[in-house]
Trainee: 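Just passing along the structure, written as structure tokens.
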Amino acid sequence: MKTPKVSAFQLVFSTVLSLTILSGGTSLWLASQPKLSEYQVRVLENSTATWQTGVGAIFGLLGSKATDLLEAEEEEEEQKSQEQ
């Protein structure tokens with residue numbers, strides 16, 4: 001039985017996505033609490049910052065992947081036109 005290969009992009013993207021969802025969920029849960037201790041406020045601030053950073057990283061990763069796909073497509077078109 002063959003195991004499927006996982007690309008580096010998929011590994012990084014899934015890790016960033018899972019950490020972003022986890023920190024966003026933590027932020028939502030803590031924000032819904034009626035009263036927070038000093039330590040919980042710190043965790044809320046850190047998880048909110050992690051959420052925001054993660055969202056930015058997700059868009060950055062998707063943008064870089066889209067650029068790579070477009071460049072690869074252009075190279076294929078150039079090779080086809082040169083072969084003809």
Side-chain angles (χ1 to χ4, degrees):
M1 185 173 179
K2 288 186 177 181
T3 58
K5 280 183 127 179
V6 178
S7 71
F9 174 81
Q10 290 174 330
L11 184 61
V12 170
F13 185 78
S14 62
T15 302
V16 169
L17 184 64
S18 61
L19 290 173
T20 302
I21 290 172
L22 179 66
S23 61
T26 303
S27 294
L28 286 173
W29 180 74
L30 285 172
S32 68
Q33 301 301 311
K35 187 171 181 176
L36 298 175
S37 70
E38 181 181 336
Y39 297 111
Q40 288 173 323
V41 170
R42 287 184 187 175
V43 171
L44 175 62
E45 290 170 352
N46 287 329
S47 63
T48 302
T50 305
W51 163 259
Q52 292 170 346
T53 303
V55 169
I58 288 170
F59 283 115
L61 286 168
L62 291 175
S64 69
K65 187 66 171 179
T67 302
D68 290 345
L69 291 174
L70 289 174
E71 288 175 357
E73 193 174 289
E74 288 175 0
E75 289 175 4
E76 286 178 9
E77 289 176 2
E78 288 177 9
Q79 288 177 354
K80 286 181 183 179
S81 65
Q82 290 175 358
E83 291 174 359
Q84 294 177 354

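One-based numbering along the sequence shown.
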Trainee: I58: which residues meet the side-chain contact (heavy atoms from CB on, under 4.5 Å) condition with it, sequence neighbours left out?
Mentor: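 Scan of I58 (side-chain contact (heavy atoms from CB on, under 4.5 Å), adjacent residues dropped) gives F13, V16, L17, T20, L62.
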Trainee: Identify the heavy atoms of W51 and G24 that sit nearest to each other, and give their distance.
Mentor: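 For W51 versus G24, the nearest heavy atoms are CE3-CA, 3.4 Å.
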Trainee: Nearest 0.5 Å please: distance from the CG atom of L19 over to the OG atom of S14.
Mentor: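 Going from the CG atom of L19 to the OG atom of S14 covers 9.5 Å.
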Trainee: Grouping I, L, V, M, F, W and Y whenever their side-chain heavy atoms are under 4.5 Å apart, do V55 and I21 come out in a common cluster?
Mentor: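 No, V55 does not connect to I21 through the hydrophobic network.
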Trainee: From T26 OG1 over to L22 CG, what is the distance, rounded to the nearest 0.5 angstrom?
Mentor: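 Atom-to-atom, T26:OG1 and L22:CG are 4.5 Å apart.
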Trainee: How far does CZ of F59 sit from OG of S64, to the nearest 0.5 angstrom?
Mentor: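 Going from the CZ atom of F59 to the OG atom of S64 covers 13.0 Å.
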Trainee: For residues S47 and S27, report the shortest heavy-atom separation together with the two atoms involved.
Mentor: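 Closest heavy-atom pair between S47 and S27: OG-OG, 2.8 Å.
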Trainee: Could you work out, with side-chain contact (heavy atoms from CB on, under 4.5 Å) as the rule, every residue matching Q40, not counting sequence neighbours?
Mentor: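 Testing Q40 for side-chain contact (heavy atoms from CB on, under 4.5 Å), a comparison that skips the adjacent residues, returns L30, L36, S37.
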Trainee: Looking at every non-hydrogen atom in both residues, tell me the closest pair between T15 and L11 and how far apart they are.
Mentor: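 The answer is OG1-O, 2.8 Å.
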